[in-house]
Asks: 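Before I ask anything, here is the structure I am working with.
Read the numbers this way: they start at 1 and go in the same order the structure lists the ligands and their atoms. Values below: all heavy atoms of this structure, side chains included; hydrogens, waters and symmetry mates excluded. Residues take their numbers from the sequence shown, with the count starting at 1.
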Amino acid sequence: MSQFLLEPHPSPTAPAQRAALLEAPSFGTVFTDHMAAIDWTAGGAGWHRHRVIPYGPIELMPSAGVLHYAQEVFEGLKAYRWPDGSIRLFRPAANAERLARSARRLALPELSPEDFIASLEALIEVDLAWVPSKPGTSLYLRPFMFAAEPFIGVRASHQVSYYVIASPVGAYFKSGAAPVSIWVDRVYHRAGPGGTGAAKCGGNYAASLVSQEAAYDHGCEQVLFLDAATSTHLEELGGMNVVVVMADGAVVTPPTSGTILEGVTRSSLLQLVRDRGREVVERPVVLADLLDGIRSGAVAEVFACGTAAVVTPVGRLAGDGFDQVIGDGAPGELTMSLADELTGIQYGRREDKHGWAYRVA
Ligand SMILES: *Cc1c(COP(=O)(O)O)cnc(C)c1O
């Protein structure tokens, strides 16, 4: 395993100030004192200069490829403080593999799972005191990789930078587990067949932001995208997967067939559903059928899932020509029970039958 050289922050946050910041962290606004970094150069050198350095501006030429052609991928996972004081990541190997898949799609070099996990461990070791301990809080880790070569010709970059930054977080949505309203976009798509929908890349998010704005304009918190080929079935939200719970107990979710992101939260929740002996069906979900099912009562619950917010109940689905409350608009029973089970495993309150927790400290 590569050694990360440490350049300590010359004036780290004072303990009292850090404690104040950890009191009620909001999502993604406060960052720890350090960041991890690794460089990559084409032609033999590969990944090198593994280091942990003070959190601060990244020096980049205005011609750096990422600023022009968005050659960038990222990850998102959390470190949890357990009741025994240990610090655990949740299924980091899944994030390592996904980063490698995303990198391949964006013509970026693959970082080995060993380097990926070592970069998280190296940063957490230095900024251990930043892992918050209040219920529902965690340290959100954001690894990302981008084209750093100062060259505006169009080709894969010969210089690439990888960083990990960390941010203490509380609940993602200010409203906590309150159900969200979702706007179904009939104008734009986030990804198409053969595109980058299955890669976790900034470009997908850039393409989703006008739709997110439209959602706000219609009084909704989140946007749901339909498939680009037919505009008839559900894909996912801007940054979360979507799951439907039928009244007969089956759990239905769109398949990961290339245009949606394979969420670690999604796959973990589906496993927990199977563990309960319930049927999981990965198949296209037709919007018209979903709306019919909500009206008839055949659909009991809808929720969204992703690392940041974990499980988010959906209380209402709106779009051009429809505005439909789901059930009585309150969080569904299975939704809340799965949220409780998954967060229980993540925070060490429940047995980790699948060995998902990975101890880093
Ligand atoms: C990250 C992400 C998700 C959720 O993935 P998790 O691994 O569960 O955090 C879902 N959709 C998109 C578009 C994403 O970028």
Asks: Please determine whether a side-chain nitrogen of the Lys or Arg among Arg104 and Glu110 lies less than 4.0 Å from a carboxylate oxygen of the Asp or Glu.
Replies: yes

Asks: I'd like to check which ligand 1 atoms, numbered from 1 as shown, lie under 4.0 Å from a non-hydrogen atom of Thr307.
Replies: 6 (P), 7 (O), 8 (O), 9 (O)

Asks: Near Tyr205, which atoms of ligand 1 are under 4.0 Å from a heavy atom of that residue?
Replies: 2 (C), 12 (C), 13 (C), 14 (C), 15 (O)

Asks: With salt bridge (charged side-chain N to carboxylate O under 4.0 Å, His left out) as the test, would you mind laying out the steps for Asp185 and Arg190 before giving the verdict?
Replies: CA-CA 10 Å; Asp185 193 336; Arg190 70 174 280 284; over 6 Å; no

Asks: When you measure from atom 8 (O) of ligand 1 to every protein heavy atom, which one gives the shortest distance, and what is it?
Replies: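 Among all protein heavy atoms, the one nearest atom 8 (O) of ligand 1 is Thr265 OG1, 2.6 Å.
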
Asks: Just go through Arg190, Glu235, Lys200 and tell me whose heavy atom is the nearest to atom 13 (C) of ligand 1.
Replies: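 Considering heavy atoms of Arg190, Glu235, Lys200, the nearest to atom 13 (C) of ligand 1 sits in Arg190.
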
Asks: Assess, by modelled atom type and distance only, whether the side chains of Ser157 and Gln71 contain a donor and an acceptor separated by less than 3.5 Å.
Replies: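 The answer is no; no qualifying pair exists.
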
Asks: Please classify the Leu261 to ligand 1 contact at 4.0 Å (heavy-atom distances, strictly less than): side chain, backbone, both or neither.
Replies: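 Side chain only.
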
Asks: Given Gly239, Gly238, Gly306, identify the one with the heavy atom nearest to atom 10 (C) of ligand 1.
Replies: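 That would be Gly239.
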
Asks: In this structure, which one of Phe146, Tyr205, Phe144 forms a ring pair (Phe, Tyr, Trp, His ring centres under 6.0 Å) with Phe74?
Replies: Tyr205

Asks: In terms of atom number and element, which parts of ligand 1 are under 4.0 angstrom from non-hydrogen atoms of Gly263?
Replies: 5 (O), 6 (P), 7 (O), 8 (O)

Asks: Hey, what's the ring geometry for Trp183 with His218, parallel, tilted or perpendicular (30° and 60° as the breaks)?
Replies: parallel

Asks: Would Arg98 count as a contact residue for ligand 1, given that I'm defining contact as a non-hydrogen atom of the residue lying under 4.0 Å from a ligand atom?
Replies: yes

Asks: With a 4.0 Å cut-off on N to O distance, would you call Arg88 and Asp352 a salt bridge?
Replies: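 So Arg88 does not pair with Asp352 through a salt bridge.
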
Asks: For atom 7 (O) of ligand 1, which candidate among Asn241, Leu269, Val264, Leu77 holds the nearest heavy atom?
Replies: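 It is Val264 that holds the nearest heavy atom.
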
Asks: Tell me which one of Glu236, Glu75, Arg266 gets a heavy atom nearest to atom 11 (N) of ligand 1.
Replies: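 The residue whose heavy atom sits nearest atom 11 (N) of ligand 1 is Glu236.
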
Asks: Can you find a heavy atom in the side chain of Leu6 that is under 4.5 Å from one in the side chain of Val126?
Replies: yes

